[in-house]
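None of the values given here were measured: they were computed from a predicted structure. All residue numbers in this chain count up from 1 along the given sequence.
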Amino acid sequence: MTNTTAAPARDHRDMYRLMSLMTGAEKHGPAATSTLDVLWVLYDRVLRVTPDTVDAPDRDRFLLSKGHGPMAYYAVLAAHGFFGEELLPGFGSYGSPLGHHPDRMLVPGAEIGSGSLGHGLPLAVGSVLGLRAQGLTDPRVWVLIGDAELDEGSNHEALAYAGPAGLEQLHTVVIDNASASYARPGGVSARFEAAGWSVASVDGRDHEALYAAFTAPHPGRPRAVVAHVEPKP
């Protein structure tokens with residue numbers, strides 16, 4: 001499997017126009033915009049999945065654990081051809097497949113239904129173990145979580161397990177916008193490092209820094225990228 005995706009349909013600068021098509025209440029705007037740059041770099045340059053390979057066994061899996069405020073996720077999926085942008089104005093309305101939380105049965109390209117905090121990382125660990133059981137060691141599993149999700153016990157258990165288990169196929173991106181309720185000595189990065197992960201801490205708006213962190217080798221260990229972000233209004 002090559003480390004390429006289909007050519008994107010749009011430029012990153014068009015993302016805010018696509019997001020503006022989604023109107024209505026309960027948009028969780030700051031939660032959405034905090035993920036936009038990370039999502040763009042992943043789908044534009046890193047993830048090995050396209051609209052034509054969403055069911056391929058050897059595809060990369062991307063799990064959006066931070067599923068509340070999925071506007072940026074929908075915009076990026078539309079820009080890369082997973083569905084047409086004509087669906088965006090119906091966001092959150094009755095009959096639209098684009099709900100306030102993504103539904104994997106309705107949204108082309110979505111791997112999980114998400115939005116309840118704390119489930120994405122355990123699901124990602126299980127996905128890697130499932131791939132291993134099938135002899136599929138090439139596909140990578142990516143999960144995007146928020147810093148506040150680390151307050152959840154299930155994430156602590158998954159984090160503590162993945163490092164000693166050497167889950168090299170597992171990649172976690174943490175959006176750190178200082179929304180967690182409980183401080184941690186040394187910050188988010190220290191929590192992953194203590195559990196044996198390979199860790200990078202970067203500016204979550206810097207595309208080149210994100211790409212370098214996403215593609216750095218980490219033999220024998222899961223990878224965590226902590227993306228520090230000041231939410232845009």
Side-chain angles (χ1 to χ4, degrees), residues 28-43 46-47 60-74 76-77 100-104 107 109-129 140-163 165 167-184 186-205 210 213-214 218 221-231:
H28 291 283
T33 56
S34 68
T35 67
L36 180 57
D37 295 277
V38 164
L39 287 166
W40 178 262
V41 173
L42 282 173
Y43 275 91
V46 178
L47 290 174
D60 284 348
R61 276 76 167 167
F62 173 76
L63 282 56
L64 181 69
S65 185
K66 190 178 168 65
H68 57 293
M71 294 168 61
Y73 183 48
Y74 293 156
V76 170
L77 286 176
H100 294 300
H101 292 181
D103 184 331
R104 72 178 184 88
V107 180
E111 295 280 356
I112 60 171
S114 61
S116 297
L117 299 182
H119 296 317
L121 186 53
L123 286 170
V125 168
S127 296
V128 171
L129 294 176
R140 303 167 300 185
V141 176
W142 293 80
V143 57
L144 191 155
I145 70 176
D147 58 337
E149 292 190 79
L150 294 175
D151 292 341
E152 305 289 339
S154 58
N155 271 333
H156 282 285
E157 293 173 3
L159 192 160
Y161 171 81
L167 300 188
E168 185 177 341
Q169 289 169 264
L170 177 61
H171 303 75
T172 298
V173 185
V174 183
I175 301 295
D176 185 359
N177 55 11
S179 61
S181 299
Y182 306 104
R184 296 172 183 79
V188 173
S189 295
R191 178 72 182 86
F192 284 88
E193 289 169 350
W197 290 56
S198 167
V199 184
S201 181
V202 299
D203 179 348
R205 304 288 188 195
L210 288 167
F214 292 161
H218 49 95
R221 293 193 292 167
R223 178 68 165 169
V225 176
V226 181
H228 300 277
V229 174
E230 289 292 333

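Between Ala200 and Ala213 the shortest heavy-atom distance is CB-CB, 4.0 Å. Closest approach of Pro102 and Tyr74 over heavy atoms only: CA-OH, 3.4 Å. Heavy atoms only, all atoms of each residue included: Ser34 and Lys66 are closest at OG-CE, 3.6 Å. For the residue pair Val143 and Leu170, the shortest heavy atom distance occurs at CG1-CD1, 4.5 Å. Between Leu64 and Pro70, the shortest heavy-atom distance links the atoms CD2-CB, 4.5 Å. Closest heavy-atom contact between Ala227 and Gly204: CB-CA, 3.8 Å.
No donor-acceptor pair closer than 3.5 Å links the side chain of Ser65 to the backbone N or O of Ile145. No donor-acceptor pair under 3.5 Å is formed between the side chain of His171 and the backbone N or O of Ala224.
No side-chain heavy atom of Phe62 sits under 4.5 Å from any side-chain heavy atom of Val141. Side chains of Arg61 and Arg140 form no contact here, defined as non-hydrogen atoms less than 4.5 Å apart. Contact check for His119 versus Glu149: no side-chain heavy atoms found under the 4.5 Å cut-off. Taking 4.5 Å as the limit, some side-chain heavy atom of Leu159 sits within range of a side-chain heavy atom of Leu121. Counting heavy atoms from C-beta outward, Val46 and Asp60 have side chains that stay 4.5 Å or more apart. With contacts defined as side-chain heavy-atom distances shorter than 4.5 Å, the pair Val225/Val202 qualifies. When side chains are defined from C-beta on, Tyr161 counts as touching Val125, because their heavy atoms get closer than 4.5 Å. Between Val38 and Phe214, the closest side-chain pair of non-hydrogen atoms falls below 4.5 Å.
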Test His68 against His101 for side chain to side chain contact (heavy atoms under 4.5 Å, CB included), laying out the working first.
CA-CA 5 Å; His68 57 293; His101 292 181; 3.9 Å; yes
Practice task
Please assess Arg205 against Val229 for the test side chain to side chain contact (heavy atoms under 4.5 Å, CB included), listing each intermediate value before the final yes or no.
Solution key: CA-CA 7 Å; Arg205 304 288 188 195; Val229 174; 3.4 Å; yes
Checklist entry - Passes side chain to side chain contact (heavy atoms under 4.5 Å, CB included), Glu168 versus His218? Steps please. => result CA-CA 7 Å; Glu168 185 177 341; His218 49 95; 4.0 Å; yes
Requested in this report: Show the numbers, then the answer: is there a side chain to side chain contact (heavy atoms under 4.5 Å, CB included) between Val226 and Val173?
Outcome: CA-CA 6 Å; Val226 181; Val173 185; over 6 Å; no
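For Phe192, the ring-ring contact (aromatic ring centres under 6.0 Å, His included) partners two or more places apart in sequence, or in a different chain, are Trp197. With sequence neighbours left out, the side chain to side chain contact (heavy atoms under 4.5 Å, CB included) criterion links Ile112 to Leu63, Ser114, Leu123. Remark: Arg221 pairs with Ser198 by the side chain to side chain contact (heavy atoms under 4.5 Å, CB included) rule, at least two apart or across chains.
Rounding to the nearest 0.5 angstrom, the gap separating the CG atom in Leu39 from the CG atom in Leu144 is 5.5 Å. Put simply, CG on Asp147 and CG on Asp176 are 4.5 Å apart, with the number rounded to the nearest 0.5 Å.
Using modelled atom types, one finds a donor on one side chain and an acceptor on the other under 3.5 Å when comparing Ser201 with His228.
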